[in-house]
Undergrad: 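Next up is a structure, given as structure tokens.
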Amino acid sequence: MTTATLTSKGQITIPAKVREALGVNTGDRVEFVEVAPGRFEFIVAAQPVTALKGMFGKPRKAVSIEDMNAAIARRGAAAK
């Protein structure tokens with residue numbers, strides 16, 4: 001088992017063995033996801049946004065910027 005110690009500033013150093021296994025480097029972002037009360041998963045958030053391309057398939061209908069702006073204006077007016 002690999003352990004780390006929490007500093008007075010609330011920081012920990014991730015052990016080298018764990019960093020290597022996760023493939024994290026200096027500057028990479030990580031997330032802590034609560035999976036059960038008091039239990040968290042440590043997830044590397046290092047994927048570029050381009051990795052999301054194609055996730056939802058092709059749109060059924062192309063929408064112009066003008067159409068988007070009009071829809072936003074309608075919703076904004078209805079919210080008042």
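Numbering starts at 1 and runs along the sequence shown.
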Undergrad: Side-chain heavy atoms under 4.5 Å apart, restricted to Ile/Leu/Val/Met/Phe/Trp/Tyr: what other residues fall into the cluster of Ile12, or is it alone?
TA: Leu6
Undergrad: Got a sec, which residues hit side-chain contact (heavy atoms from CB on, under 4.5 Å) with Glu66, two or more places apart in sequence or on another chain?
TA: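 Partners of Glu66 by the side-chain contact (heavy atoms from CB on, under 4.5 Å) criterion, ordered by chain and then number, come out as Ser64.
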Undergrad: Can you run down the ring pair (Phe, Tyr, Trp, His ring centres under 6.0 Å) pairs that involve residues 47-70, sequence neighbours left out, and say none if there aren't any?
TA: none
Undergrad: Side chains of residues 14-42: which donor-acceptor partners sit under 3.5 Å, not counting sequence neighbours?
TA:
residue	atom	partner	partner atom	Å
Arg19	NH1	Ile14	O	2.3
Asp28	OD2	Asn25	N	2.7

Undergrad: According to side-chain contact (heavy atoms from CB on, under 4.5 Å), who are the partners of Ile65, at least two apart in sequence or on a separate chain?
TA: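 Met68, Asn69.
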Undergrad: With sequence neighbours left out, write down each residue that passes side-chain contact (heavy atoms from CB on, under 4.5 Å) with Thr7, or none if nothing qualifies.
TA: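 Thr7 satisfies side-chain contact (heavy atoms from CB on, under 4.5 Å) with Lys9, Gln11 once adjacent residues are dropped.
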